[in-house]
Amino acid sequence: MTLISIVTSCLNEADNVVELHQRIKAQFENGGPASDFEFEHIFLDNGSTDDTVARVKAIAAVDPRVKLIVNARNFGHVRSPLHGMYQASGQAVICMASDLQDPPELIGKFVEHWRAGELIALGVKPSSRETWAMAVLRRFYYRALGRMADVPLIANFTGFGLYDRSVVDMIRELGDPYPYFRGLIAELGIHYATVEFEQPARVRGITKNNFYTLYDLAMLGLTSHSKLPLRLATLAGFTLSALSLLVSLGYLLAKLLFWDYFAIGTAPVIIGLFFFGAVQLFFIGLVGEYVAAIHTQVSKRPLVVEKERVNLPPGDALPRHSGGPRE
């Protein structure tokens, strides 16, 4: 039978992994929407400090279709899921979060599109049960990024979806060690189907996204798929230089015409100094983001280094002893 791989990356999700596996298994068993397919479920633990690994091992001991990769440390929210996708052996790979905010019940709809010949089927969330402020911020960011990007990006897409084996192999051959996955799929230009859903609120555990991870994703998307900020920096430099020249000429003329009672004062000088200093620091930081993205691309670091594998053959990311013990 055709094999479908389910890949879920987890970090301190001990309260969710058992229910996640049960809901995924229900899609492939007892007349589920994908019951005519075999499946494997690969958990990737990204440095959990709770009982996540122990609970997944308990599941894997009962169900050999469950497989586990334990990373040596937390390798981040981009590299670990990508590594898991590469380790899957199915003819199609379904990537989803382990916090139950990506509903496993959509697997049937993904598979239905795949049966119809689509190479990619994506879950998009036009609405989600999150705070009003976060929803507005996300909408503003994606709308702005969509206007600046070199290619049309996929709105409300987080990476949740099904990818044919040929697509996975194509992504691997690109060799991008830190891709903005939402933009990468759009960059490929392959036709895709979408499945809309309302993202449920997290029931158990706490979100692993914080200001830094969200900022990292935002900058990754910007630097990966748009050169517009750099061009705006150049344009702003010319504009502010011209504005400074005009202001200087205006003050010079005012002083020449009203020499006796026109005092320039220090306030305009201080305000201008701080303003131009802030603009310079902003664009230096922006250029730094692009330099950091280039550094990540050329550093050739491994996606992850593994600590342990369960129900999987050894892989290149799992260090092994090269010989017998030394005296």
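Numbering starts at 1 and runs along the sequence shown.
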**Q** Side chains of residues 103-112: which donor-acceptor partners sit under 3.5 Å, not counting sequence neighbours?
**A**
from: E105; atom 1: OE1; to: R23; atom 2: NH2; distance (Å): 2.8
from: E105; atom 1: OE2; to: R23; atom 2: NE; distance (Å): 3.1

**Q** Got a second to check how far N311's CG is from E40's CD, nearest 0.5 Å?
**A** 10.5 Å
**Q** Give the intermediate values and the outcome of side chain to side chain contact (heavy atoms under 4.5 Å, CB included) for residues F37 and W114.
**A** CA-CA 12 Å; F37 291 96; W114 189 51; 3.7 Å; yes
**Q** Mind checking whether F28 and F39 have parallel, tilted or perpendicular rings, split at 30° and 60°?
**A** parallel
**Q** On a heavy-atom basis, which atom in M96 and which in L20 lie closest, and how many Å separate them?
**A** CE-CD1, 4.5 Å
**Q** Have H41 and D63 got a donor and an acceptor in their side chains that come within less than 3.5 Å?
**A** no
**Q** Measure the spacing between CG of D99 and CG of L11 and express it to the nearest 0.5 Å.
**A** 11.0 Å
**Q** Under the rule for side chain to side chain contact (heavy atoms under 4.5 Å, CB included), what residues qualify as partners of S35, not counting sequence neighbours?
**A** none
**Q** Scan residues 77-95 for pairs that pass salt bridge (Lys or Arg N to Asp or Glu O under 4.0 Å), counting only residues two or more places apart or in two chains.
**A** none
**Q** About how many Å separate CD1 of I24 and CD1 of I94, when rounded to the nearest 0.5 Å?
**A** 8.5 Å
**Q** Roughly how far, to the nearest 0.5 Å, is OG1 of T2 from CZ of R165?
**A** 13.0 Å
**Q** Less than 3.5 Å apart, any donor N or O on the side chain of N71 or N46 sitting next to an acceptor on the other?
**A** yes
**Q** Begin from the C-alpha positions of F43 and V310 and carry the test side chain to side chain contact (heavy atoms under 4.5 Å, CB included) through to its verdict.
**A** CA-CA 10 Å; F43 284 93; V310 176; over 6 Å; no
**Q** Between F75 and L303, is a side chain to side chain contact (heavy atoms under 4.5 Å, CB included) present by the stated rule, with each step listed?
**A** CA-CA 8 Å; F75 284 90; L303 283 176; over 6 Å; no
**Q** Between E306 (side chain) and G315 (backbone), is there a donor-acceptor pair under 3.5 Å?
**A** no
